Amino acid sequence: MRKQENFWRSVDWLTVFLYLGLVVYGWLSIYSASGSSESVSIFTLSERYGKQLLWIGLALLLAFIILVIDAKFFSSFAYVFYFLILFSLIGVLLFGKTVAGSRSWFQIGSFALQPAEFAKFATALALAKYLGKLQTDMRLFKTKAVAITILSFPALLILMQNDTGSALVYFSFILVLYREGLSGWIIVIGLLLAALFIITIKFGEFYVAIGLVVLAVLLFALFRSLRHQWKIWLSSLLVSLVFVSMVDYAFQRVLESHQRIRIEVMLGMKEDPHGAGYNVNQAKIAIGSGGLIGKGYRKGMLTRNHFVPEQSTDFIFCTVGEERGFLGSMVLILLFLALLIRIIQLSERQRSAFSRIYGYGVASILFFHFAINLAMTIGLFPVVGIPLPFFSYGGSSLWSFTILLFIFIKQDANRLNVL
Amino acid sequence: MYRKDYSARKYVIIAGFALVAVVLLVRLFYLQVYTNQYKLSARDIALRRVIEFPARGRIYDRHHNLLVYNDAVYDLMVIPRQVKRMDTLKFCRLLQIDKAFFIKMLAKAKHYSYYKPSVFLKQLSKKDKGPIEEVMYEFPGFYFQTRTLRRYPYPIAAQVLGSVGEVNQRDLKRDSYYRSGDYIGKSGIEWFYEKELRGIKGSRLVEVDVHNNVRGSFQNGKFDTLAVPGADLTLSIDEKLQAYGQLLMQNKKGSIVAIAPESGEILAFVSTPTYDPNLLVGRQRSENYSKLLLDSLKPLMNRASSGTYPPGSTFKLVETLIGLQEHVVTANTWFTCQGPDSKPIACSHYHVSPLQMRLAITLSCNSYFWKTFRAIINNPKYANTHDAFDAWHKKVISFGLGHRFNTDIPFEKPGFIPSRAYYDKVYHGSWNALTIRSLSIGQGEVLVTPVQLANLAAIIANSGYYVKPHFLIGMSGDDTLSEKYHKKQIVPFNQSYYKVAREAMSEVFTSEEGTARFYRMDSISQAGKTGTSQNPHGKDHSVFMAFAPVAHPKIAIAVIVENAGYGATWAAPIASLMIEKYLRGKTKRPQLEKRIIDGDLIHNQKPEKP
């Protein structure tokens, strides 16, 4: 009995409250976005807000179950979960149902499950399990290779489902690898290459190549110290030039046309308010019209009148932006930031490497979803279909994020029992 | 291998999270607070101004019979910018239009404005719009707007009531009240009382959803205004008399104007050939309008106010009154007449000679009035004949001739009473009574309209005054408006002179030599004067003016039947039947009535063109 009391006291309630705050804020937004003007009971299953209420209830039940079962369960069965998920990802490719171009759903009766959602926590567990072993070290090639292999399998299978957004999520684990010792240069170089990619698409290979050469000459002329490492600088310049020369090919051949158009729209190279740009354009209008304090709850002219497509799933933030304005948006962003920072803090106080690494995995996944979802909604990132954690309508997504988070809360609550 | 401690990297990661949050917040600040662009776009796409059209005022006759009312139809409107890719074929099929028409109308709407609504398809009936109404959500950018069409239960008085049509570019430029596709009074009473009849448009700002369905008022109707219905008008027209007049005038060119002499209220305002006002309504309007416009008989013309004719012998009463007032003749003055041999103006027939004034009127003797006119112009009271002519001119004008009444009579022509300046110009200053002798018998340059002639009858009936002829006698919500039509215009001649004129006109019916003696009635005393108006367009016009009952006149009337010959043959019986109809409610002269109704003076004549 005493042990039980101690356990509930050791749960980090701040994290739980941040979680509940986001879930409630999210449900209110779904209610506003999908509620008709007639007052129907909020418990109806004919409307999305009614269903979401059911999902939330089941999510809380899941959270409770996770908190009461043994903490070692997850670390012990990490690989089992991982392989189960890999099988279900293969299964969905064979037997799944295609929704909006992605073959990523299992249809069970009237409900549909998306295994890709659950792949996130399973992958995080497997990665934590592997990197948590004492003999691993990020400086070793083998460690890096295994870690990347663990991440690649689910990412590639999801990519094969044509769900680019969910596959991109696995890039976020680079933060976990960084925390565990991966060189920061890899992230810096990765970001620089991404920037170079974008700049090249926008301005064309020729001008970017000239720009790079001019920049290199200037740097070389201005900073004498660089001259000692001229071999490194020259080779980076050459690598950059080769990269730039391949951008166009990659952009035209590797990406699919709808992805190309989304990128071009985001870069302002294409005006397409009725085609690819429609979602983002409507979303920007909805959010922009919210002003400082918003139009008031359930008074969003655009979101309530269905001007924003996908407004209760991927574009749920529009409701917040329109009805709650800049201040309401800021509250949402600060809630997420607080949750992320809290998870990092909790991760750092873990005794076991497994718990810490898993915690960073949780933070990375949540951060990626939060940042990319908001960025695409307000036109800073091409449209990729990923949900806003705890906010977006949908059982699979809510449950997977709840499982993801509460496994960590459970690990944290149990941290003092770890030797 | 020892594990290196990388825990300090958490600060880098937290800093990265915070940086991304700041970037998102800056972007949101720009979108939501800094720029206004998205707020304007939001209003643009999610709000629509719905115009509430007020019911146009109805029009009644003097006995509260409904002459004009409204019928609901539906205009299909389009806002080109909101039109999305859609099933054009289905759309065309449901509306029963072809694709070329669809493309044409959409292009036209785009040409007008991408953002403002245009009429795509006009005046669909409830039945027409039924099939497409249920699936309107499939066609964003299109919506229905309720409009009203004018309907006329009695097919009468088309040229008086006028018609309602779509505004043209000029109307839009002139008055900012109108929007493309609005309706406006184009002619007649509809045109004259447009401001009163149209009411005031209301508008509602409504929220629409992405399918263009109206979801409700914006901010509880804070920006809405109510439509104010147009005023109902009551006209002085007597529906039965008007219809009867049109019946009598069928197959004849000409006009009848009947006035209530005491009040100036116009009882009947017939102009033939005429048309059914229901022809100029709705989608068939423009087609029918073109047909009517090209008709060589000019049915659109309102001959009662814009047809000008030489008054002929009816004008002799004006000469009578002026001669008496100028003391150049008396009722007992004798003049001789040699009938058709008379110089310088021949008389129409041989009769007793010499004769006095009353008999001269009754017989319509030309010689008598030439001599009277000569006496007026050569009046020694004035320094010269031209000054005397000025005095004559002034008195003629006082009868309401030569000028418009400027009341609510549509398309009024002033007629023409030649002035001294006019003759000075024509004859280079060298003219005298003989030069302008035709004026003595209402010929020559003098031109009057039928309504002026009816008013002349009213002046004699009233012994010296008239109220300007007008139509409006009542307007809902405005009791003061008709007062401007109550003012008596005095025509200052001695009462005894009017008595002479009235008695003479009475004898036109009662005397055995009277030109209208065949149309005498035992029950109703009538007074009138025939005229036979020579004109350059063919056979003489048959002219008649009259009032009745003689002692207390209730109706003054003028009838002109174009190219019908003697006044006594057509115009006089028509006037007499009208008088009987108005005063008795029914007519008891079936044979006369039949002759008039059956008389076809248009189709039996030789065609004008070879």
Side-chain angles (χ1 to χ4, degrees), chain A residues 37 134-140 175 178-182 184 187 274 281-282 284-292 294-295 299-302 304-309 321-322 325-327 329-330 333-334 336-337 340-341 344-345 347-348 353 356 360 363-364 367 370-371 374-375 378-380, chain B residues 1-48 81-85 137 140 205-216 218-220:
Chain A
S37 358
L134 279 173
Q135 63 269 40
T136 60
D137 189 323
M138 281 311 287
R139 286 170 295 183
L140 296 176
L175 288 178
Y178 168 69
R179 167 61 185 83
E180 295 308 313
L182 185 73
I187 297 178
H274 291 300
N281 198 47
Q282 300 288 87
K284 271 156 64 175
I285 291 171
I287 294 166
S289 66
L292 183 66
K295 294 174 188 164
K299 283 184 182 151
M301 229 158 49
L302 280 92
R304 287 189 59 71
N305 293 325
H306 315 297
F307 281 96
V308 185
E322 188 181 16
F326 178 69
L327 294 180
S329 307
M330 195 157 75
I333 289 171
L334 292 180
F336 267 108
L337 192 59
L340 292 170
I341 292 174
I344 298 292
Q345 281 179 340
S347 301
E348 289 294 342
R356 179 184 70 238
Y360 267 92
S364 303
F367 167 72
F370 152 76
L374 287 202
I378 57 183
L380 288 180
Chain B
M1 197 181 280
Y2 72 99
R3 263 187 186 261
K4 207 175 152 190
D5 182 19
Y6 294 106
S7 63
R9 286 191 171 184
K10 72 177 178 194
Y11 297 114
V12 178
I13 291 172
I14 288 173
F17 289 174
L19 180 69
V20 168
V22 167
V23 168
L24 293 174
L25 282 171
V26 168
R27 172 70 170 175
L28 280 168
F29 186 83
Y30 169 77
L31 288 178
Q32 300 187 294
V33 184
Y34 179 76
T35 174
N36 219 14
Q37 167 191 357
Y38 297 102
K39 290 168 196 74
L40 297 176
S41 301
R43 290 182 72 96
D44 191 38
I45 65 174
L47 293 181
R48 196 171 73 212
R81 199 184 57 88
Q82 295 178 354
V83 175
K84 305 258 160 61
R85 230 170 270 157
Y137 65 88
L205 204 56
V206 295
E207 286 185 24
V208 293
D209 68 11
V210 71
H211 305 303
N212 207 22
N213 299 315
V214 174
R215 295 289 298 253
F218 177 62
Q219 297 194 1
N220 296 323

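Quick caveat, the model's predicted, so the values are computed rather than measured. Throughout, a chain's letter reflects where its sequence line sits, starting with A, and its residues are numbered from 1.
In this structure the side chain of A/F370 reaches within 4.5 angstrom of the side chain of A/L374, judged on heavy atoms. Considering only heavy atoms from C-beta on, B/Q32 stays 4.5 Å or farther from A/S289 through its side chain.
Only the side chain of B/I14 has a heavy atom closer than 4.5 Å to any heavy atom of chain A. Both the backbone and the side chain of A/I378 come within less than 4.5 Å of a heavy atom of chain B. Heavy-atom distances place no part of B/Y34 under 4.5 Å from chain A, backbone and side chain included. Residue A/L327 does not touch chain B at all, counting heavy-atom pairs closer than 4.5 Å. If you measure heavy-atom distances from B/I45 to chain A, the contacts under 4.5 Å come from both the backbone and the side chain. Looking at A/F367, the atoms closer than 4.5 Å to chain B (heavy atoms on both sides) all sit in the side chain, from C-beta outward. Proximity to chain B (any heavy atom under 4.5 Å) is restricted, for A/L337, to the side chain, taken from C-beta onward. A/I333 touches chain B through its side chain: at least one heavy atom from C-beta onward sits under 4.5 Å away, while N, CA, C and O do not.
In terms of the side chain to side chain contact (heavy atoms under 4.5 Å, CB included) criterion, residue partners of B/Y137 (sequence neighbours excluded) are, by chain and number, B/H211, B/N213.
In this structure, A/E180 pairs ionically with A/R356, as a charged nitrogen and a carboxylate oxygen lie closer than 4.0 Å.
The number of heavy atoms from other shown groups lying within 6.0 Å of CZ (B/R43) does not exceed 12.
Looking at A/S364, its side chain does come within 3.5 Å of a backbone N or O of A/Y360 through a donor-acceptor pair. Side-chain N or O atoms of A/K295 include none that pairs as donor or acceptor with a backbone N or O of A/G291 at under 3.5 Å.
Contact tally against chain A (heavy-atom pairs below 4.5 Å) for B/N36, B/V23, B/L47: the top residue is B/L47. No other option in A/I287, A/I341, A/L292 has as many heavy-atom pairs under 4.5 Å with chain B as A/I287. Contact tally against chain B (heavy-atom pairs below 4.5 Å) for A/K299, A/M138, A/E322, A/K284: the top residue is A/K284. Comparing A/A371, A/G325, A/A375 by heavy-atom pairs within less than 4.5 Å of chain B, the highest count is held by A/G325.
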B/V12 and A/Y178: CA distance, side-chain angles, deciding distance, side-chain contact (heavy atoms from CB on, under 4.5 Å) verdict: CA-CA 10 Å; B/V12 178; A/Y178 168 69; 3.5 Å; yes
